[in-house]
Protein chains: 2
Amino acid sequence: MKDNPAFDLEDFMPYLLNQAADATSRGFEAYYKSRYGMLRTEWRVVFHLGRYGEMTAKDICARSRIHKTKVSRAVQALEDKKHLKRTQSPVDRRHEHLGLTASGKRVFEDLYQEAARFDAAMMAEFTPAEQAQLRSFLSRIAGF
Amino acid sequence: MKDNPAFDLEDFMPYLLNQAADATSRGFEAYYKSRYGMLRTEWRVVFHLGRYGEMTAKDICARSRIHKTKVSRAVQALEDKKHLKRTQSPVDRRHEHLGLTASGKRVFEDLYQEAARFDAAMMAEFTPAEQAQLRSFLSRIAGF
DNA sequence: CAATAGTAGTTGCTTTTGTAACTAACAAGG
DNA sequence: CCTTGTTAGTTACAAAAGCAACTACTATTG
């Protein structure tokens, strides 16, 4: 956006980012929603546990930037769906170690593959160099 | 994201976009929220009316990709705050022409300036060439 | 070994969003 | 005119997010 000339909402970076994020999230969201009745936070929790192994809710919060109440509710929902099991730590009973059940692991595998396909399809119209650059830009903005 | 190697959530484009969008939205959102008690949709409605002049709710929906119920509620809220006035069209009484009041125009001017400053500050760490490229990438993804 | 403070996770309540059904107004055909 | 269809905008209800207070537990300090 330049200094003087009139600018449109499409020139405003937060708006542009939100539109792009919305556009790309819809498709994949539809997948895990229709197929497993999962919410976005649930998918993210499954991802973290499937990708990095057992951890506590606190760990998930730290890694994912999701607020603890959202994690708490997602864990509850995943437990209800039998995709996740909790084990209270004998050392410190405030901690619960979270892990995927066999069913949860199958869900993770499926979503992980689908995410890869989805990402690839979405990025197909960009050259590899463009993709790398875009990812780098976004990482900088997101603070990774 | 490559084909075989393990990838992290930060490599998944929808996630990356959402994180970047969140990160950049927070700051500006805090501004119009604390200063004018406005929601994001209200800011967008003000923007459209301030930037392009009078139009109907339908027009705003078409331009902004916001659902009509959200627009309807934002218009109501802005009217309550005396930032917006509606005029029923004498030609077709289903249409209402929406316009900013004097107070609404002041709000728009302030937010417009602030948006420009905010965008500039955020993009300052990118070179002009990088900025152009980033905007172009995002426009393509968002479908503009 | 109280008393205080801090941490992990949950619950309750309020705000916001999403979806679908609804009202009111116009349009067109018979 | 009267059906039938369409459009602009609203409302009602359910799903989800945000925030603050709460419970249960552990750590620290005097």
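Letters A, B, ... are given to chains in the order of the sequence lines, protein chains preceding strands, and every chain is numbered from 1. What you see is a predicted model, and the numbers here were worked out from it, not measured in a lab.
- In this structure, B/Ile66 atom CD1 and D/dG9 atom P are separated by 14 Å, rounded to whole Å.
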Problem set entry | Footprint string (nucleotides 24-29 of chain C, 5' to 3'): B base within contact, S backbone only, - free, heavy atoms under 4.0 Å | -BS---
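- Contact between the side-chain N/O atoms of A/Lys68 and the OP1/OP2 oxygens of C/dG9 is not found at any separation under 4.0 Å.
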For this session: Mark up nucleotides 13-19 of chain C, 5' to 3', with B wherever a protein heavy atom is under 4.0 angstrom from a base atom, S wherever such an atom reaches only the sugar-phosphate, and - elsewhere.
Result: B--S-BB
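- For the pair A/His97 NE2 and C/dA8 C1', the computed distance is 12 Å after rounding to whole Å.
- Atom CG in B/Leu78 sits roughly 16 Å away from atom C1' in D/dG9 (whole-Å rounding).
- Residues passing the side chain to side chain contact (heavy atoms under 4.5 Å, CB included) test with A/His67, sequence neighbours excluded: A/Thr69.
- The nucleotide whose nearest atom lies closest to any side-chain atom of B/Ser72 is, among D/dA8, C/dT10, D/dT10, D/dT10.
- If you check every strand for non-hydrogen atoms under 4.0 Å, B/Gln76 touches nothing.
- Going from atom CD of A/Glu79 over to atom P of C/dG9 covers 13 Å, rounded to whole Å.
- Counting heavy atoms from C-beta outward, A/Leu39 and A/Tyr32 have side chains that stay 4.5 Å or more apart.
- Side-chain contact between B/Asp119 and A/Pro14: present, with at least one pair of heavy atoms (C-beta onward) separated by less than 4.5 Å.
- Across every non-hydrogen atom of A/Asn18 and B/Ser25, the tightest pair is ND2-OG, 2.6 Å.
- Cation-pi contact between B/Arg63 and B/Tyr52: present, with separation from the ring centre below 6.0 Å and deviation from the ring axis of at most 45°.
- In this structure a side-chain-to-backbone donor-acceptor pair under 3.5 Å is missing from A/Arg93 to A/Gln88.
- The heavy-atom pair separating A/Phe28 from A/Leu111 by the smallest distance is CZ-O, 3.7 Å.
- Side-chain contact, B/Thr56 with B/Asp59: a donor N or O sits under 3.5 Å from an acceptor N or O.
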